[in-house]
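Written out below as structure tokens is the structure these notes cover.
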Amino acid sequence: AYADYIGFILTLNEGIRGKKLTCQYRVSEAVEKLLAVLDTLDRWIEETPPVDQPSRFGNKAFRSWYARLEQEAERLVATVLPKDQAAAAPEVAVYLKESVGNSTRIDYGTGHEAAFAAFLCCLCKLGVLRMEDQLAIVFSIFNRYLEVMRKLQKTYRMEPAGSQGVWGLDDFQFLPFIWGSSQLIDHPSLEPRHFVDERVVNENHKDFMFLECILFITQMKTGPFAEHSNQLWNISAVPSWSKVNQGLIRMYKAECLEKFPVIQHFKFGSLLPIQPGTS
């Protein structure tokens, strides 16, 4: 599973290198169906307003929203799968349910994000998504997923899961920083030092996932950037985007994929199997 998963992340990382979110790419029927699933999740947020409660964080309305997903997930996944693969829906649906946060703790973190990437990885293994869908997987599906997750985080004031606070890269996401830095490799004018410049972010965030993430952080957090996002601030001193990209991949493997608290919740099955380690 690890090899499949990291291979999937790195293939996409190469595929989108140097390309803008707004570039032209093919959108297959499967991609459209997946976007419809994400639109449904978005609509449910509208239909499940936050409730009045004493604590500011972790709005309990998230549990109602999540209960609906739990009930409907298999049906939603079935809309994406061809008839002859309908039997895979229960297994694939597990990853979709795991990808939106935890309904007990009302939190969200990189483990949930990894479940969504695993969900997409499974759809690739099933042949629902293909090699030529690479750009659409990141720029269309994953980007839409991020929009819905940000809306969940804002609406229900979700806690960051297993956050390392100021020492983590970001409270909620990791992959868009990897893929987003790949988009910026060999950019003629934007260098890593520019992403801490508000004007640059405002002018370019629609083209680049990395800058979209920075924009969201600055909207959600107050105070000097160097204080609330120290790790990112440090990254802005790296000379080139390809070095940023390589460093983030190393960090992702070490901080997310090899950390037991993150991966203990990861689900394995026939599509992403687990084998006993041979040490």
Side-chain angles (χ1 to χ4, degrees), residues 1-42 72-100 112-149 173-185 207-210 212 245 249 252 257 266-274:
Y2 179 82
D4 280 340
Y5 179 84
I6 203 72
F8 177 70
I9 300 297
L10 296 179
T11 302
L12 293 172
N13 188 58
E14 274 310 299
I16 61 166
R17 188 175 170 156
K19 297 192 172 69
K20 292 181 177 184
L21 286 171
T22 46
C23 75
Q24 293 290 309
Y25 50 84
R26 173 181 172 278
V27 176
S28 64
E29 196 185 342
V31 170
E32 284 179 349
K33 286 176 177 171
L34 277 161
L35 291 173
V37 168
L38 291 166
D39 288 343
T40 302
L41 301 187
D42 193 341
E72 300 277 337
E74 277 184 39
R75 185 188 62 76
L76 288 174
V77 168
T79 63
V80 180
L81 300 176
K83 293 270 184 289
D84 58 343
Q85 285 174 331
E91 184 176 334
V92 178
V94 169
Y95 294 106
L96 181 63
K97 288 186 283 197
E98 290 283 318
S99 73
V100 297
H112 302 112
E113 178 192 75
F116 190 74
F119 168 69
L120 297 175
C121 185
C122 288
L123 292 173
C124 285
K125 288 188 110 175
L126 290 167
V128 175
L129 294 171
R130 303 209 164 94
M131 224 22 209
E132 57 269 27
D133 292 318
Q134 274 187 13
L135 288 176
I137 289 172
V138 181
F139 293 171
S140 210
I141 304 168
F142 191 78
N143 208 34
R144 181 74 182 109
Y145 163 75
L146 285 178
E147 287 171 11
V148 179
M149 292 309 106
Q173 312 301 154
F174 204 116
L175 289 174
F177 291 99
I178 295 180
W179 290 334
S181 58
S182 177
Q183 280 184 281
L184 286 156
I185 290 174
D207 283 328
F208 299 105
M209 209 170 242
F210 195 100
E212 191 68 71
N245 187 244
I249 290 166
Y252 186 61
L257 301 183
F266 196 87
K267 304 287 193 282
F268 299 97
S270 65
L271 291 164
L272 289 171
I274 186 167

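What you are looking at is a predicted structure, and each value in this text was computed from that prediction instead of being measured. Hydrogens, waters and symmetry mates are skipped; everything else that's a heavy atom, side chains included, is used.
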Option passing side chain to side chain contact (heavy atoms under 4.5 Å, CB included) with Ser182 (candidates Ile16, Val138, Leu10)
Ile16
Name all residues meeting the salt bridge (charged side-chain N to carboxylate O under 4.0 Å, His left out) criterion together with Asp39; count only those two or more places apart in sequence or in a different chain, and write none if there are none.
Arg144
According to the salt bridge (charged side-chain N to carboxylate O under 4.0 Å, His left out) rule, which pairs have a member within residues 126-136, sequence neighbours left out?
Arg26-Asp133
Which heavy-atom pair separates Ala87 from Pro90 by the least distance, and what is that distance?
O-CD, 3.3 Å
Minimum heavy-atom distance Met209-Asn143, with the two atoms named:
CE-OD1, 3.7 Å
Show every salt bridge (charged side-chain N to carboxylate O under 4.0 Å, His left out) that has at least one partner inside residues 75-96, sequence neighbours left out.
Glu72-Arg75
If the condition is side chain to side chain donor-acceptor pair (under 3.5 Å), which residues does Ser99 pass it with, not counting sequence neighbours?
none
side-chain contact (heavy atoms from CB on, under 4.5 Å) partners of Thr40, counting only residues at least two apart:
Arg43, Trp44, Leu76
Quick one: salt bridge (charged side-chain N to carboxylate O under 4.0 Å, His left out) partners of Glu74, sequence neighbours excluded?
none
Where do Thr79 and Lys33 come nearest, in terms of heavy atoms and distance?
O-CD, 3.3 Å
Run the side chain to side chain contact (heavy atoms under 4.5 Å, CB included) check on Trp179 and Ile9 step by step: do they pass?
CA-CA 8 Å; Trp179 290 334; Ile9 300 297; 3.9 Å; yes
Can you list every salt bridge (charged side-chain N to carboxylate O under 4.0 Å, His left out) pair that touches residues 5-22, not counting sequence neighbours?
Glu14-Arg17, Lys20-Asp207
First locate atom CG of Leu146, then atom CG of Leu175, and finally report the distance between them rounded to the nearest 0.5 Å.
8.5 Å
Residues in side chain to side chain donor-acceptor pair (under 3.5 Å) with Gln134, at least two apart?
none
Less than 4.5 Å apart, any side-chain heavy atom of Leu12 and any of Ile137?
yes
Heavy atoms of Ala114 and Tyr252 approach each other most closely as CB-OH, 4.0 Å
Of all heavy-atom pairs linking Gln183 and Leu21, the shortest is NE2-N, 3.3 Å
With a 4.5 Å cut-off on side-chain heavy atoms, are Ser28 and Val31 touching?
yes
For the side chain to side chain contact (heavy atoms under 4.5 Å, CB included) test, which of Leu96, Val77, Ile141, Val128 pairs with Leu34?
Ile141
Any chance the rings of Phe142 and Tyr145 have centres within less than 6.0 Å?
yes
Which value, rounded to the nearest 0.5 Å, describes the distance between Asn13 atom CG and Phe8 atom CZ?
12.0 Å
With Gln173, which residues qualify under side chain to side chain donor-acceptor pair (under 3.5 Å), at least two apart?
Tyr108, Glu113, Gln153
Which atom pairs, donor and acceptor, lie under 3.5 Å between side-chain atoms of residues 120-127 and protein residues at least two apart or in another chain?
{"from": "Lys125", "atom 1": "NZ", "to": "Asp4", "atom 2": "OD2", "distance (Å)": "2.5"}
{"from": "Lys125", "atom 1": "NZ", "to": "Leu271", "atom 2": "O", "distance (Å)": "2.5"}

Side chain to side chain donor-acceptor pair (under 3.5 Å) against Tyr95, all qualifying residues, sequence neighbours excluded
none
Can you name the ring-ring contact (aromatic ring centres under 6.0 Å, His included) partners of Phe210, sequence neighbours left out?
Phe177, Phe195, Trp241
Can the ring centres of Phe119 and Phe116 be said to be less than 6.0 Å apart?
yes
Working for side chain to side chain contact (heavy atoms under 4.5 Å, CB included), residues Met131 and Thr11
CA-CA 9 Å; Met131 224 22 209; Thr11 302; 4.1 Å; yes
